[in-house]
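Chain letters run A, B, ... following the sequence lines, proteins first, then strands; residues in each count from 1.
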There are 2 protein chains.
Amino acid sequence: MNIGLDMMGGDFAPLEAVKGLQLYLSDHRSATSLYCIGDETVVQPLLAEHQVTSPDLHLIHAPEVIGYHEHPTKALKEKQRSSIAIGFHLLATGKIDAFISAGNTGAMLVGAMYSIKPIDGVQRPTISTIVPKLDGSTGLLLDVGLNADCKPELLNQFAVLGSLYAQHILNIEDPKVGLMNVGEEEGKGNLLAQAAYPLLKENKLIHFTGNIEGRDIFTGKADVMVCDGFTGNIILKMAESIYDIAHKRKLDQDEYFSRFHYENYGGTPVLGVAKPVIIGHGISNAKAFKNMIAVAEKMIQSDLCGKMLESFK
Amino acid sequence: MNIGLDMMGGDFAPLEAVKGLQLYLSDHRSATSLYCIGDETVVQPLLAEHQVTSPDLHLIHAPEVIGYHEHPTKALKEKQRSSIAIGFHLLATGKIDAFISAGNTGAMLVGAMYSIKPIDGVQRPTISTIVPKLDGSTGLLLDVGLNADCKPELLNQFAVLGSLYAQHILNIEDPKVGLMNVGEEEGKGNLLAQAAYPLLKENKLIHFTGNIEGRDIFTGKADVMVCDGFTGNIILKMAESIYDIAHKRKLDQDEYFSRFHYENYGGTPVLGVAKPVIIGHGISNAKAFKNMIAVAEKMIQSDLCGKMLESFK
């Protein structure tokens, strides 16, 4: 399989991307070809300096970079030789099977939606976050910000997409789906949650177990937790800030809180688009890059996008 | 001033209510008369046993109790001799100036809305929670669950009610108001947040400082944080669960996390109703009861409800 990695995306790119490759190559003996997309005048010397060499490594020259504050659509259109534009071109044309970048999030989303396109039947693609659970397991929360306002059917679709991700990438057999809500009983909640509940209950593609509350996010009550992107984004950023607080107060050595560190999960896949696209955190470090490559491999190997396509037929 | 305390509400009532009175009386030398509402055959012996005596203490016999799982409206109507029904009767008729209970939350809300009534101009009363900030200050988040679906104007009203509470009860001069959102810039967010922003910006009664995100909840960026009750309830319960996790992992000795303990704040005042009503946590202990009495005193002394009435004229 062929994975494309944007070498120019992220606050510490290309250095951390290079180190991520180094970590990945030292750990893995797989048949994956890695296409490193970036400015070869910068990337080549760094790869040499860190002795990152492998017959599986291919450098694709991209002389332009899309900055963090550029307008996504405009930048993608005007900078066709940027690493992100080239990455999506390679993905769309089948030269690579997955594309990873820690660059401009907006440009990554625009690329995923318009170069790759949603899977037939998926109304809106979604982004998710991994949630470390107290029982040692790992949950998935979605949407975490792509869709601030949602119709009930969207939440129902997120449940399907999230369940497939949980099953095939997180290795959770028969993942339990919970609806983020303000009470346990059916009928509780805002209009959206009230209307989404019966759809989830009737959905034969998922294992819906009912409402979950704010206090259940870190427990094993549900593996896949669905909500609108407004609620999910606030939960995500609040959880991130709690890790930061624990870190500042030197409590992040705690076994549980340490699992909140973003680098363990690497990035956020865009779910519901036809091919694997992974967006990295701006502060991605080597470990995060390595883990994103591993997730991309798993998404390709399990044919996650194909399974999503099947579910929405 | 006269404060009514439901002796029968809370998982550990009446014992913890009695101990709370004991704590309060040992700390305070005020001119407050306390009306203890409950079953005298149970409360009287406990007060005697714990030597809780004071000329300022008055026992009001209420032979009935509204249980946790009773239907609020039905129970209030049928159990007129319950401690909650009697408490609201005393408050409505001016025999007491504030009413506190850790009993059936629904019954407390129904009593506050129908026996006491919203302040003229207040579209919907609201409940809030105290948020300990990293800089040592204290913030207020509202609504935390009374109004799951909100119109933009409601958020604007919560901002006024919350600002007055922050000013007069939390002693924050010129409290900064933030709108819970998913991005910093104006125009970000779901339809509700987008529509509420300009209302908050134009509101001369408050000091609006813009959007805040999930990561800002525990920082000093805003003192009063407004959102719909769905979002707020999830934030509240998630924050409570984080305290529980810290506690289980023995990290709650940490100076910051220890401030999350509910007992420090005692209860949740219903804001926007004509008289002070405070709802306690079901697990209220002695310290929580003591603190609720102190908050009620402050609400009466500052004439908070009068100031709210003024603002909505």
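Both the backbone and the side chain of A/F230 come within less than 4.5 Å of a heavy atom in chain B. Interface remark: B/D216 contributes no atoms to any contact with chain A (heavy atom separation under 4.5 Å). For B/L134, the part lying near chain A is the side chain, with the backbone staying farther off; criterion is any non-hydrogen pair under 4.5 Å. Contacts of A/A193 with chain B are made by side-chain atoms alone, with heavy-atom separations under 4.5 Å and no backbone atom involved. At a 4.5 Å heavy-atom cutoff, the contact between A/I217 and chain B is made by side-chain atoms alone. Heavy-atom distances place the side chain of A/I245, and not its backbone, under 4.5 Å from chain B. Proximity to chain B (any heavy atom under 4.5 Å) is shown, for A/I235, by both the backbone and the side chain.
More than 12 heavy atoms of other residues, nucleotides or ligands sit less than 6.0 Å from atom CD of A/E186. More than 12 heavy atoms of other residues, nucleotides or ligands shown are found within 6.0 angstrom of NE2 on A/H207. No more than 12 heavy atoms of other residues, nucleotides or ligands sit less than 6.0 Å from atom OH of A/Y114.
Of all the listed residues (B/T231, B/N181, B/L236), the one sharing the greatest number of non-hydrogen pairs under 4.5 Å with chain A is B/N181. Top candidate by heavy-atom pairs under 4.5 Å with chain A, chosen from B/E213, B/E240, B/K188, is B/E213.
For the atom pair CG (A/N233) and CE (B/M180), the distance works out to 9.0 Å, reported to the nearest 0.5 Å. Of the inter-residue distances, the one linking A/K248 atom NZ with B/Y256 atom OH reads 10.0 Å to the nearest 0.5 angstrom. A distance of 10.5 Å separates CD1 in A/I234 from CE in B/M238, rounded to the nearest 0.5 Å. Rounding to the nearest 0.5 Å places CD1 of B/I242 at 13.5 Å from CZ of A/R215.
Within residues 140-153 of chain B, the residues approaching chain A closer than 4.5 Å by heavy atoms are, in numerical order, B/A148, B/D149.
Of all the heavy atoms in B/G214 and A/S241, the pair that sits closest is O-OG, 4.1 Å.
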